[in-house]
Protein chains: 2
Amino acid sequence: MKIATYNVNSIRKRLPVVLDWLERHDPDVLCLQETKVQDSEFPLLELLATGRHVTFRGYKAYNGVATITRREPELVAHGLCEGPDNEDDRILLTVVDGIPIVNTYVPQGQRVGAEKYAFKLEWFRRVKRYFDERLDPNRPAVWLGDLNVAPEPIDVYHPERRVNEPDFHIDARNAYKDAVSWGFIDLFRARYPERVQYTYWDYFRNSYRDNRGWRIDHILATQPLAAKCIAVDVDTAPREAESASDHTVLWAEFEHPAKA
Amino acid sequence: MKIATYNVNSIRKRLPVVLDWLERHDPDVLCLQETKVQDSEFPLLELLATGRHVTFRGYKAYNGVATITRREPELVAHGLCEGPDNEDDRILLTVVDGIPIVNTYVPQGQRVGAEKYAFKLEWFRRVKRYFDERLDPNRPAVWLGDLNVAPEPIDVYHPERRVNEPDFHIDARNAYKDAVSWGFIDLFRARYPERVQYTYWDYFRNSYRDNRGWRIDHILATQPLAAKCIAVDVDTAPREAESASDHTVLWAEFEHPAKA
DNA sequence: GGCTCAATGG
DNA sequence: CCATTGAGCC
């Protein structure tokens, strides 16, 4: 089973890149973030034409998530389901082949100290409660997406200069790690403890050319599923495509995951 | 000698169309209107790369004219040169091979009765004085561009429904004709008295597909030059191009024009 | 409908 | 730098 995540920065602008990636890699699940489109404008027909199932929720301009699956999800749940502030354009649960897959776009946080930054820190607490209420760390489950945190210095270029950035500030890193500590394993870092590999590069100042990036997109799995992980990697091709997102695709492959 | 006019509706968006037209038709002069770009952002290098000369003046977002010539113009003059309101983003004179070519983008006029409409009517009076001061109706000269008037009912689809449009209202038609009466001949209509042929079609409601357009782009010449005109036509290919302007190209060819 | 700009977001 | 919206213009 192959699962991937990709912050598209507008699904309408990135549709060719997504269709190409689906055709070349044929994943079982592809999770998208920042679709930036309201549901009525979502390019559903073009994606259904690939023969896959598509689950999505978004609003005008901001956020938006979509999960594209080979098989029909056995269960779908939008948002945090806590109350009025449902955040259903940032979190989407699908259960595919018995495995819960939590596709999330964590708030970026604007800048350290801002109200939006406090919202980001709180968001990690909320998502941890979300895991508590519907998942079991002893059974297969996946949390993936643009989590907007570079967990360690190795995960960002010039870390010493980034300590006040909302994706590397110590409070965000700790909030992220506390959510992870619920029972998730970072598949990329588990497999490659020393590897410098980013998933996001700024559009400006030739960041990609000079490899000045961030590893802020992640695929995490509970222990029983992580044990079945046979491959995980970043595919930089989408970042080099004609009309590229500032993020690229991260993917992971599992052996007989449902039997875990 | 081949001369053409094209309202590009943004030279930056239309650069591929313009380069393609230059390569295919190799005109001596191509006059552009609505370049919609300030001079510092004008795509000069890309046009110079064709081996031609480029004269232009524009501001942010609105208006802007450019004249692309095979030979270097012997003289260039920007604007009406009357006083402070110079209108140099609407009128550009170049003298090429001894022939004055007045490239103009006449104000559209917004709607009949508006202040901008009065400005349009006045503009025709001003341009007639401009001809008086610098041209001679007995010597070759060209006035061309987006003149924003369909002179006769044949020049607009459903004319009876357009009598209150600023490009077909009787006051605009009369103001235009009064300027023309200075000493110009409409080359297209002179050659094709009965032909329905538009140069502009609205972007919306499938106007081009249904040929619901306007003949508002014109090439006019003084009598001695008009006598040398051996061909004039509208090329609809640019209107059918990938990323098309709402206008298309009108061109005219002259035999030994300088000897007139 | 397609261009422009100025905000806003990242 | 690359997205978005919403207004102005045509």
Side-chain angles (χ1 to χ4, degrees), chain A residues 7-15 17 33-38 41 58-64 89-90 105-111 114-117 119-120 146 148 165-167 200-210 212-214 216-217 239 241-247, chain B residues 7-15 17 33-38 41 58-64 89 105-112 114-117 119-120 146 148-149 162 165-168 199-210 212-214 216-217 239 241-247:
Chain A
N7 177 319
V8 288
N9 187 17
S10 167
I11 181 58
R12 284 176 293 185
K13 291 279 174 186
R14 229 61 66 202
L15 191 59
V17 178
Q33 303 87 38
E34 284 211 86
T35 53
K36 287 188 172 178
V37 66
Q38 61 200 44
E41 305 291 312
Y59 299 101
K60 267 190 187 179
Y62 305 117
N63 313 330
D89 56 344
R90 290 192 183 270
Y105 172 53
V106 171
Q108 190 261 359
Q110 197 153 35
R111 60 176 203 288
E115 210 166 303
K116 286 181 181 176
Y117 188 65
F119 182 76
K120 173 180 189 166
D146 177 356
N148 264 319
E165 301 268 344
D167 281 16
Y200 160 83
W201 299 261
D202 238 307
Y203 277 124
F204 28 88
R205 280 168 302 198
N206 288 314
S207 297
Y208 182 72
R209 190 200 61 187
D210 300 341
R212 292 183 280 119
W214 301 66
I216 57 177
D217 301 272
R239 188 61 181 81
E242 180 70 14
S243 166
S245 168
D246 40 3
H247 295 249
Chain B
N7 177 318
V8 288
N9 186 17
S10 168
I11 181 58
R12 283 176 293 185
K13 290 282 174 187
R14 230 61 66 203
L15 190 59
V17 178
Q33 303 87 37
E34 284 212 86
T35 53
K36 288 187 172 178
V37 66
Q38 60 201 43
E41 305 291 311
Y59 299 101
K60 266 190 184 178
Y62 303 117
N63 314 330
D89 57 345
Y105 172 53
V106 171
Q108 189 261 358
Q110 196 155 35
R111 59 175 204 288
V112 173
E115 209 167 303
K116 288 180 180 176
Y117 187 67
F119 182 75
K120 173 180 189 166
D146 177 355
N148 264 320
V149 166
R162 310 296 154 199
E165 301 269 344
D167 281 16
F168 190 61
T199 63
Y200 160 83
W201 300 261
D202 238 308
Y203 277 125
F204 28 91
R205 281 167 303 196
N206 288 314
S207 296
Y208 181 72
R209 192 199 62 188
D210 300 341
R212 292 183 279 119
W214 302 66
I216 57 178
D217 301 272
R239 189 61 181 79
E242 180 69 14
S243 166
S245 168
D246 40 4
H247 294 248

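In this text, all values refer to a predicted model and were calculated from it rather than measured experimentally. In what follows, chains are A, B, ... by sequence order, proteins preceding strands, each numbered from 1.
Put simply, the side chain of A:Asn63 does not reach to within 4.5 Å of the side chain of A:Lys36, judged on heavy atoms. By the 4.5 Å heavy-atom criterion applied to side chains, B:Lys120 and B:Val149 are counted as neighbours. You'll find the side chain of A:Asn7 reaches within 4.5 Å of the side chain of A:Asp217, heavy atoms only. Looking only at side-chain heavy atoms (C-beta outward), A:His247 and A:Ile216 come within less than 4.5 Å of each other.
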Enumerate all atom pairs, one protein N or O and one N or O from nucleotides 4-6 of chain C, separated by less than 3.5 Å.
unit_1, atom_1, unit_2, atom_2, d
C:dT4, OP1, B:Ser10, OG, 2.8

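One can place OH of B:Tyr203 at 5 Å from C1' of C:dG2, the figure rounded to the nearest angstrom. Rounded to whole angstrom, the span from the CD atom of A:Glu242 across to the P atom of D:dC2 amounts to 11 Å. Atom-to-atom, CD of B:Glu34 to C1' of C:dG2 comes out at 11 Å; the value is rounded to the nearest Å. Between the P atom of C:dC3 and the CD atom of B:Glu41 lies a distance of 17 Å, rounded to the nearest Å. Protein atom CZ of A:Phe204 is 13 Å distant from nucleotide atom P of D:dA3, rounded to whole Å. Per the geometry, CG belonging to B:Asn206 stands 14 Å off C1' belonging to C:dG2, to the nearest Å. Atom P of nucleotide D:dA3 and atom CG of A:Asp202 are separated by 14 Å, given to the nearest angstrom. Per the geometry, CD belonging to B:Gln108 stands 12 Å off C1' belonging to D:dG8, to the nearest Å.
Side-chain atoms of B:Asn148 come within 3.5 Å of backbone N or O of B:Val106 as a donor-acceptor pair.
Within the 4.0 angstrom heavy-atom criterion, only backbone atoms of the sugar-phosphate kind lie near B:Ser243; the bases stay farther away. Among the atoms of the strands shown, none is found under 4.0 Å from any heavy atom of A:Arg111.
By the 30° and 60° cut-offs, the orientation of the rings of B:Trp214 relative to B:Phe168 is perpendicular. Between A:Trp201 and A:Tyr208, the ring-plane angle classifies as perpendicular under the 30° and 60° cut-offs.
Of the candidate nucleotides C:dG10, D:dC9, D:dC2, D:dC2 has the atom nearest to the side chain of A:Arg14. Across C:dG1, C:dG10, D:dC2, the shortest atom-to-atom separation from the side chain of A:Tyr105 is found for C:dG10.
Looking at which nucleotide of DNA chain D each of A:Ala244 and B:Gln110 is closest to, the 5′-most match is held by A:Ala244.
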